[in-house]
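As structure tokens, the structure follows; a few thoughts come after it.
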Amino acid sequence: MRTLEQAECVIEPSEDGVALAVSARLAVIDDDELIQILLSDYFQDVEMGFRFDEIRTYSDGGMFFFDPWHVEPGRFVIILDGVLPKMDGLEVLQRLRSMKGSSEYIIVMLTDRKSEQDTVMAMRLGADAYMSKPFRLAQLGETIRRLLRGDEQS
């Protein structure tokens with residue numbers, strides 16, 4: 001099992017006090033259990049001016065699609081690893097964007113893939129944001145806050 005120091009992120013406090021009235025659910029799709037726990041705990045406790053109604057974690061894209069939770073009405077934020085067993089993160093992204101109501105999904109790729117080609121491919125397939133590991137939790141939180149608020153630059 002990996003330690004918190006090996007989780008490839010840096011925890012930084014947020015200084016934003018802007019309230020954001022939004023109703024959304026969060027799905028973390030990552031095969032690293034430590035990343036799942038870290039992100040789930042962070043977004044349950046962080047003071048970013050928003051809270052998620054519900055947070056679920058999945059170790060691969062197949063498990064996510066098997067759960068009917070993601071097709072229920074509402075807005076979703078999906079934090080998606082690019083390298084997953086069984087169903088690649090880009091395949092999950094493409095499938096989500098081909099679904100009816102895909103505009104209800106904010107999709108943030110959070111991946112070890114760092115090449116320009118991977119980034120461009122994810123953006124072409126419909127990722128709303130792309131972050132490489134190692135990452136900073138505060139930056140991820142701010143990116144999600146801006147996307148939920150509807151800012152064009154994230």
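Just the heavy atoms: all of them, side chains too, but no hydrogens, waters or symmetry mates, feed the values below.
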Are [Y] and [X] connected into the same hydrophobic cluster when the rule is that any two of I, L, V, M, F, W, Y join if their side-chain heavy atoms are below 4.5 Å apart?
X	Y	answer
Met63	Leu93	yes
Leu96	Val77	no
Met131	Leu137	yes

Which atom pair, heavy atoms only, marks the closest approach of [X] to [Y]?
X	Y	result
Tyr42	Ala138	OH-CA, 3.6 Å
Ser59	Pro85	O-CD, 3.9 Å
Gly61	Leu84	N-CD1, 4.1 Å
Arg75	Leu147	NH2-O, 3.8 Å

Filter on salt bridge (Lys or Arg N to Asp or Glu O under 4.0 Å), then keep only pairs touching residues 61-71, sequence neighbours left out; what's left? Arg56-Asp67
With sequence neighbours left out, what residues match Phe65 under ring pair (Phe, Tyr, Trp, His ring centres under 6.0 Å)? His70
Decide side-chain contact (heavy atoms from CB on, under 4.5 Å) for Val28 and Tyr58; before the verdict, give the C-alpha distance in whole Å, the side-chain angles of both, and the deciding distance to 0.1 Å. CA-CA 6 Å; Val28 177; Tyr58 304 89; over 6 Å; no
After noting the C-alpha distance and the side-chain angles of Met99 and Val71, does the key distance pass the side-chain contact (heavy atoms from CB on, under 4.5 Å) rule? CA-CA 9 Å; Met99 293 173 47; Val71 294; 3.8 Å; yes
side-chain contact (heavy atoms from CB on, under 4.5 Å) involving Pro73 - partner list, sequence neighbours excluded: none
So, using side-chain contact (heavy atoms from CB on, under 4.5 Å) as the criterion, who are the partners of Gln44 when residues are at least two apart? Ser40, Asp41, Ile55
Working to the nearest 0.5 angstrom, can you tell me the gap between Leu140 CG and Leu38 CG? 9.5 Å
Would you say [X] and [Y] make side-chain contact, with heavy atoms under 4.5 Å?
X	Y	result
Ile107	Tyr130	no
Glu54	Leu26	no
Val108	Leu80	no
Asp81	Ile29	no
Ile144	Phe52	yes
Lys86	Asp60	yes
Leu148	Arg145	no
Phe43	Ile79	yes

Show me the pairs that pass side-chain hydrogen bond (donor to acceptor under 3.5 Å, both in side chains) and involve residues 87-99, at least two apart or across chains. Asp88-Arg113, Arg97-Asp128
Excluding sequence neighbours, so at least two apart, what forms side-chain hydrogen bond (donor to acceptor under 3.5 Å, both in side chains) with Asp30? Lys133
Who pairs with Thr57 by side-chain hydrogen bond (donor to acceptor under 3.5 Å, both in side chains), at least two apart in sequence or on another chain? Gln36
Only distances under 3.5 Å count here; give the side-chain donor-acceptor pairs of residues 117-127 to other protein atoms, sequence neighbours excluded, each with its distance to 0.1 Å.
unit_1, atom_1, unit_2, atom_2, d
Asp118, OD2, Ser115, OG, 3.0
Thr119, OG1, Ser115, O, 3.2

Quick one: which residue pairs count as a ring pair (Phe, Tyr, Trp, His ring centres under 6.0 Å) with a foot in residues 71-103, not counting sequence neighbours? Trp69-Phe76, Phe76-Tyr105
Glu72: which residues meet the salt bridge (charged side-chain N to carboxylate O under 4.0 Å, His left out) condition with it, sequence neighbours left out? Arg25
